[in-house]
**Q** 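Quick one: the structure is below, and I'll ask about it shortly.
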2 protein chains.
Amino acid sequence: MKSKKPTRPDTRERILDVSEELFANGSFASVSVRSVTSRADVNLSAVNYYFGSKQGLFQAVYVRRATQMNHERVHLLHEAEEKAQAEGRNVSLRELVSAMLTPPIFWLCDEEKGFSVYIRFLARAYLEEASDMDNVLRQEVDVFDRFVPFFKKIDPELSEEDIYWRIHFMMGVMHHTINHLDRISILSHKACKRGSREEILERLVKFCCDGF
Amino acid sequence: MKSKKPTRPDTRERILDVSEELFANGSFASVSVRSVTSRADVNLSAVNYYFGSKQGLFQAVYVRRATQMNHERVHLLHEAEEKAQAEGRNVSLRELVSAMLTPPIFWLCDEEKGFSVYIRFLARAYLEEASDMDNVLRQEVDVFDRFVPFFKKIDPELSEEDIYWRIHFMMGVMHHTINHLDRISILSHKACKRGSREEILERLVKFCCDGF
DNA sequence: TTATGTTTAAAACATACGTTTAAAAACTTA
DNA sequence: TAAGTTTTTAAACGTATGTTTTAAACATAA
């Protein structure tokens, strides 16, 4: 007698969870609404009911966690700023790079929460049709703008163009690392394992700092 | 009376050209066979006739230029090796990095030939379903293996794992740069233009060398 | 020319897709 | 309970998809 289905108030969240994962592993076009609803054990119409369209669902997946992640980045920046002020020095390059990379990398390696999946989703979203994803980029740009003055203070000789190019390169390393984390074992003939969250972050931050 | 259609022996190539471009701008699933054949001004069945299936077409697009590009990389490596030997020194880090990055970057900026499109296609192909694309990766891995001893000679303290990670990071920077070349103008508020082929290559090589 | 193999053409097939509709079910509030 | 709102369900719609089929057009060589 327990087969009676009650209304589940978490339907919306379950759809988001499932599609976050599917969109992280495949392109927008390759993920069907039906594959989402069936895996979420939800009626087909639920997607259109809650999100209007497939495109609306995609954007909702993005929005759900984007704000939080960029807040974390700014928070780390402020922490580093205060610490530096207390010690009467500039914010170090390492602190800056770390503030930008730590949230996504930590999320990535946090299997507990669903954040891990989101980071892969995000890296993939960057490659979707430009017009749809420009808004996504905008928010990150605004965050990065707050970092630029600090980079400039470290090396006043750097032009803004130099700084933007290097931030751009940093994001490249990060997104690529995220998307190909499992493939690196192929590349190295199983020589190196994925490694812990701290290990990856350490390698990444070092590479980016030296690149800067 | 010129509307009589002769047999066009270039049908196969035209299909490859068009799909290379479409696959460079969109995911595998988002590109329809019909969009390919109509833009190539070719009958719908031609794709299945020449390539068996859509998947076959995709792989054919990859294979057409992959071998050539990796040959170019190895060629540059040999050139650097001979020059270094003649001068009685080791191959420099810069020469190694340059040998790996120059072919794709030069191709990327070469609007004349169709190579430019191929590089973008390639970067996108890396994100397609793993099982289909592992063969694609295999070839690059084999090429990179030939570079490893030279990196080791430069810095014998480096472990193989270190080297593979850094090669991995390099490819990340490159692919990301390729895929987001137009977006960098957004990121920098139009502060920096795309720049010439040499400029991009120079920035990229420098960043990667320093990262190493 | 005729015969043979290759390439193009148009149509149809079966299926999968995103979305809509309309009614039933579950929940909320009075 | 009764009325009203929100959520879930099943079915259908129209369209787009990859692929197959069958025949016509072409090229080449005997």
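What's counted below: heavy atoms across the whole structure, side chains too, no hydrogens, waters or symmetry copies. Order of the sequence lines sets the chain letters (A, B, ...), proteins ahead of strands, with each chain counted from 1. Small disclaimer: the values here were computed from a predicted structure and weren't measured.
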**Q** Students often get this wrong, so: under 4.0 angstrom with heavy atoms, is A/V31 touching a base, only sugar-phosphate, or nothing?
**A**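 A/V31: backbone/sugar contact only, no base atoms under 4.0 Å.
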
**Q** So if I take every side-chain heavy atom of B/N43 and compare against D/dA12, C/dT8, D/dT8, which nucleotide ends up nearest?
**A**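 Given the options D/dA12, C/dT8, D/dT8, the side chain of B/N43 is closest to C/dT8.
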
**Q** Describe the nucleic acid contact of A/S45 in one word from base, sugar-phosphate, nothing, applying a heavy-atom distance below 4.0 Å.
**A**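 Base contact.
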
**Q** Salt bridge between B/D17 and B/R64, side-chain N to carboxylate O under 4.0 Å?
**A** yes

**Q** Determine: side-chain N/O of B/S32 to OP1/OP2 of D/dA16, distance under 4.0 Å, yes or no.
**A** no

**Q** Kindly point out which of D/dT20, C/dT7, D/dT7 is positioned nearest to the side chain of A/Y50?
**A**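 Of D/dT20, C/dT7, D/dT7, D/dT7 is nearest to the side chain of A/Y50.
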
**Q** Are A/R65 and A/E20 ion-paired here, with the side-chain N under 4.0 Å from a carboxylate O?
**A**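 A salt bridge is present here (some side-chain N lies under 4.0 Å from a carboxylate O).
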
**Q** Between A/Y118 and A/F121, is the gap from one ring center to the other below 6.0 Å?
**A** yes

**Q** How many angstroms lie between atom CZ of A/R166 and atom CG of A/L93, to the nearest 0.5 angstrom?
**A** 9.5 Å

**Q** C/dT6, OP1 or OP2 - any side-chain N/O from B/Y49 closer than 4.0 Å?
**A**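 The answer is no; no side-chain N or O of B/Y49 sits under 4.0 Å from OP1 or OP2.
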
**Q** What's the NZ-P distance between B/K54 and C/dT15, to the nearest Å?
**A** 19 Å

**Q** How many whole angstroms separate atom CZ of B/R34 from atom P of C/dA16?
**A** 15 Å

